[in-house]
Amino acid sequence: MSKVSSKKGLKIFLFLLLAAIAITALMFFSKAKAETEADEFLSMSTNAQRVEFLNKQGWIVKPDPITKEEITIPSVFDGVYADYAALQQSQGFDLEPYKGKTATAITYQVLNYPDYPENVTATMLLLDDRLIGGDISLAGDDGFTEALITAAVRSMLTADQPVLSQ
């Protein structure tokens, strides 16, 4: 009886071990697929792709950028840039890995911001044609800076963890 119980216990153990391995593999591949989809969603090498991305966020923009400039992400985030980095973090972007690196800031005029028919801009921060940050802003006394990524898209991209970071 002891021998039979041992074999039965071994079979149960092996079954549970295989099930655990299968579940782990499924989780790994699911996460990898989600990261690939996010990378594809955030990769944009052409102006048309960037405008389409902004449109998907609900922003109607003039199709030609106002500015396109190379910027260096500071090595230390303090003052205004600390606030900007926190805004990026709130929408799933992590600028920490990009400290000291050169990125491209592309700014578009937003045409449909409520109560502000002009002077609102959408800035996209890209590194190697991949979106690493961005904002919607209005300069001046009544100015503001807010997240570029809508809450719905943010929740889709960050369901398990921030896949928007490097």
Side-chain angles (χ1 to χ4, degrees), residues 26-140 142-166:
L26 284 173
M27 289 172 49
F28 173 78
F29 289 120
S30 175
K31 180 182 171 189
K33 182 181 178 198
E35 288 176 356
T36 300
E37 288 172 356
D39 281 342
E40 289 174 8
F41 183 74
L42 298 173
S43 293
M44 40 195 99
S45 58
T46 68
N47 188 60
Q49 289 171 318
R50 292 186 293 271
V51 170
E52 179 183 1
F53 176 85
L54 292 168
N55 291 163
K56 286 180 181 177
Q57 299 305 304
W59 304 118
I60 298 171
V61 297
K62 284 190 175 179
D64 294 321
I66 298 170
T67 62
K68 182 177 182 179
E69 59 186 329
E70 299 298 310
I71 62 161
T72 300
I73 297 171
S75 296
V76 175
F77 296 163
D78 56 7
V80 173
Y81 214 89
D83 294 340
Y84 187 74
L87 173 68
Q88 300 314 309
Q89 191 76 41
S90 76
Q91 59 182 340
F93 293 113
D94 183 7
L95 295 179
E96 285 287 326
Y98 307 111
K99 284 182 170 180
K101 294 188 178 180
T102 300
T104 303
I106 303 174
T107 304
Y108 295 87
Q109 182 179 352
V110 176
L111 301 174
N112 67 326
Y113 195 92
D115 300 324
Y116 293 94
E118 43 188 54
N119 300 325
V120 174
T121 59
T123 300
M124 303 175 82
L125 192 57
L126 296 113
L127 187 69
D128 299 325
D129 294 328
R130 185 176 190 279
L131 188 66
I132 62 168
D135 64 82
I136 300 294
S137 62
L138 172 69
D142 294 333
F144 58 82
T145 300
E146 61 186 44
L148 174 70
I149 305 289
T150 60
V153 172
R154 193 166 47 247
S155 68
M156 175 189 79
L157 291 172
T158 60
D160 283 332
Q161 64 174 355
V163 294
L164 300 176
S165 62
Q166 187 184 32

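Side-chain atoms are counted along with the backbone in the values below, which use heavy atoms only and exclude waters and symmetry mates.
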Any sub-3.5 Å donor-acceptor pair from Asp94's side-chain atoms to Glu96's backbone N or O?
yes
Ser137: which residues meet the side-chain contact (heavy atoms from CB on, under 4.5 Å) condition with it, sequence neighbours left out?
Thr121, Asp135, Thr145
Minimum side-chain heavy-atom gap Asp142-Tyr116 below 4.5 Å:
yes
With a 3.5 Å distance limit and no angle check, can you tell me whether Gln91 reaches the backbone of Ala147 through a side-chain donor-acceptor pair?
no
Quick check: does any side chain N or O of Asn47 sit under 3.5 Å from a backbone N or O of Pro63, one acting as donor and the other as acceptor?
yes
With sequence neighbours left out, write down each residue that passes salt bridge (Lys or Arg N to Asp or Glu O under 4.0 Å) with Lys68, or none if nothing qualifies.
none
Indicate the atoms forming the closest heavy-atom contact of Gln109 with Asn119, along with that distance.
NE2-N, 4.4 Å
Do Tyr84 and Leu95 come close enough that some side-chain heavy atom pair is under 4.5 Å?
yes
Listed by chain and number, what are the salt bridge (Lys or Arg N to Asp or Glu O under 4.0 Å) partners of Glu146, not counting sequence neighbours?
none
Is a donor on one side and an acceptor on the other found under 3.5 Å between the side chain of Gln88 and the backbone of Gly134?
yes
Any side-chain heavy atom of Leu127 sitting closer than 4.5 Å to one from Ile73?
no
Heavy-atom side-chain contact between Arg50 and Leu126 under 4.5 Å:
yes
